[in-house]
Every structure is written in structure tokens, then in C-alpha cells.
Amino acid sequence: MPLLASTPPFSLDLCLESGQAFGWRKVDGAWAGAIGQTAFLLRGVPNGLEWDASGPAGQASMQLQHYLALGEDHPTIVRQFPRDPFLMKAVRCCGGLRVLRQDPWECLAGFILSSTKQIAHIQQIWRNVALRWGTPMKPCGGDSSPIIHSFPGPSTLARRTEAELRGCAMGFRAPYLLEAARAVDGGTLNLETLRSLSTGEARGRLMALHGVGRKIADCVLLFSLGKSEAFPVDTWILKVLRHVYFRGKRKVTAKRLVQFAAVHFGPFGGHAQQYLFHYARMNPGFAREKMRRIKNP
DNA sequence: CCTTAACCTGA
DNA sequence: CAGGTTAAG
């Protein structure tokens, strides 16, 4: 397996377990998944990874470096976080976590499927869709290689019916995914164009889709469109913000918390969000920690 | 503008 | 009941 090194710190496991992408699964200790139309098998090593891929090695290597943000100067990003004891603690705890650079369509589809679902189940639905309409590929030769299915593009899904999508056990999300596929396929929504818009402008375009609210739009902005200030607020983050920054006051509204996050965490808020999110998930008892609060948030 | 129920499925 | 959104009240 070829080796790829990252600027430290980097942890493949943290990145792929983080709930940012739903197409990766562990097969015999290695991560199996697709990036675009290339199948990959990845093994984490300290501050890097070993890999095999179905396509030409040079191209695959470039894809990986981009997807995993291996060249990113991470310490510089962290340095732009607010000086905030809880965030600093989360950063120390989750060293090596990165914000992935996913394909916008796959990211949008994944998060449309995510609403009110736990990660394990989203992965299951994702896999159902990939098995039915994706392209089967092998990351390396030999019989031991797993079969990896790419995720179908918007044009493929646009031709399906709602009933066919429901066959993948996605329930009420089926019409939402179908609408999104048709909007992207038909050109009503050009995802690549969103990169050149302001974050607010791009968010508005995404939220015009049925089934895409603020949270899902922010996930797509952050994980696939390079909008590093997008700060997805889900129930975990809600808990963190309330407990850590507002002394557990229950009456603080979600809206107020979203607004607070935007000003407090700044231009790399999305990266900070990943640390908070992970820390909270790994330490469900965080709410009881003694922690100096930020004054007058 | 704020609150709440319904939406599918399966852990 | 769930890492969410929508339509209705």
C-alpha cells in the first residue's frame, strides 16, 4: 500500500467516524469507500494513511489529498479560534480531526437522508442506494478485495420514482431526495456555482429545496463547498452551547444560539463546530464538567 | 415570530 | 424516540 503523510496532527479514524460522510465502512480494519468514481481502501497510520485505489495511482493520490485536506495548515486554523477554555479542551481531545472536502451532490444527498436519524442508520440507507444504483468497483486486485459502490449521481436518481427510493427505507425523505436530484440534474440548482456566492446567498439557494433547512444547508456549505464559517447547529451542539456558554439556561432559544455561534466562533466556526460536536459525543458527561464560562456571551 | 405535530423506519 | 424540516395553529 502506498503511504501518504499529512501535515500533523491528522487522524484518519476521527475524520471518517465524524459523521461528516456516510459512505465509509470498516472492512477488516481498513476503511472502504468511494471518492467520486474511484474506490479506496484506507488504513490510518500516525499523521497519515496507507491506501489502495481502483484508478490510476497519481490521480487517486491527488483525490485523497484533497478529500482529506492533508495539505491543510491546521495549526493556523486552530489559532484563529476564539480563546475559549472549553473549545481548547475539545481541540486537545480530538487532535487530528479535519473538515472533509466532499462532493457537493453526495454531501447534499447524505444530509437530506440524515434528518432525525442516527449515523448508523443513515449509513445503511446510503448503502442501500449505492448498492442499487451505484457503480461497483474494486480498490485493489485479488479475491480479497471488497466491492465498493459509488454513490449514484443526480441524473441517475432523477430518473427514479419516489416509490423506488422508498424501497431503500428512507421513508419521508424520498420525495426530498428526488426533488434535489431533479433540481441539480435539470440545472435549477448548480451546486458548483454556490462556491462563488456569499455563504448567506448559497445557504438561501440550498434552503429553497424541500427538506433542506438551516442545519442541513450548513452541513453542505461546510463539508463540501468550502464555507468554513458555516456552523451547523444540531441537538448535540445545542446542548454544548447551552451548557457551556449559557450556563444551562433552558430558555435560550435555538435561534439565539445560532446567532451567538456565528459571532463567537468566527470565520473558521465550522472547524470549531467539529471539535465541539466530537467532544460532546465522546464525553456525554461534559455538561457536568467544571468549566470557566465566557463572560457575558 | 413562537409552539407543536406529523413524517418513515428500526434500534 | 431519534444528530431535522415543514405546515399548521
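- Counting heavy-atom neighbours within 6.0 Å of A/M62 CE, excluding the residue itself, gives a total of 12 or less.
- C/dG4 atom P lies 14 Å from atom CE of A/M207, rounded to whole Å.
- Note on A/L189: it clusters hydrophobically with A/I216, by side-chain heavy-atom contacts below 4.5 Å among ILVMFWY residues.
- With salt bridges taken as basic N to acidic carboxylate O contacts below 4.0 Å, none links A/D73 and A/R79.
- Atom CD of A/Q259 is surrounded by 12 or fewer heavy atoms from other residues, nucleotides or ligands within 6.0 Å.
- As a whole-Å value, the separation of A/L257 CG from B/dC2 P is 13 Å.
- In this structure, CG of A/L177 is placed 15 Å from C1' of C/dG4, rounded to the nearest angstrom.
- Across the C1' atoms, B/dA11 and C/dT5 are found 22 Å apart, a figure rounded to whole Å.
- Spacing between atom CD1 of A/I122 and atom P of C/dT5 amounts to 12 Å, rounded to whole angstrom units.
- Partners of A/F22 by ring pair (Phe, Tyr, Trp, His ring centres under 6.0 Å), not counting sequence neighbours, listed by chain and number: A/F111.
- No more than 12 heavy atoms of other residues, nucleotides or ligands sit less than 6.0 Å from atom CZ of A/R159.
- A/I119 comes within 4.0 angstrom of a base, heavy atoms only.
- When each of A/L209 and A/Q20 is assigned the nucleotide of DNA chain C bearing its nearest heavy atom, the one mapping closer to the 5' terminus is A/Q20.
- Relative orientation of the A/F151 and A/W105 rings is tilted, given thresholds of 30° and 60° on the angle between their planes.
- For B/dC1 and C/dG4, the P atoms lie 23 Å apart once the distance is rounded to whole Å.
- Here C/dA2 presents its P atom at 9 Å from CD of A/Q118, a figure rounded to the nearest Å.
- In this entry B/dC8 has no Watson-Crick or G-U wobble partner, no candidate having both defining distances under 3.5 Å.
- In this entry the distance linking CG of A/L206 with P of C/dT5 reads 12 Å, nearest Å.
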Practice task
Do nucleotides 6-11 of chain B as a string where each nucleotide becomes B, S or -: B if the base has a protein heavy atom under 4.0 Å, S if just the sugar-phosphate does, - if no protein is that close.
Solution key: -BBBS-
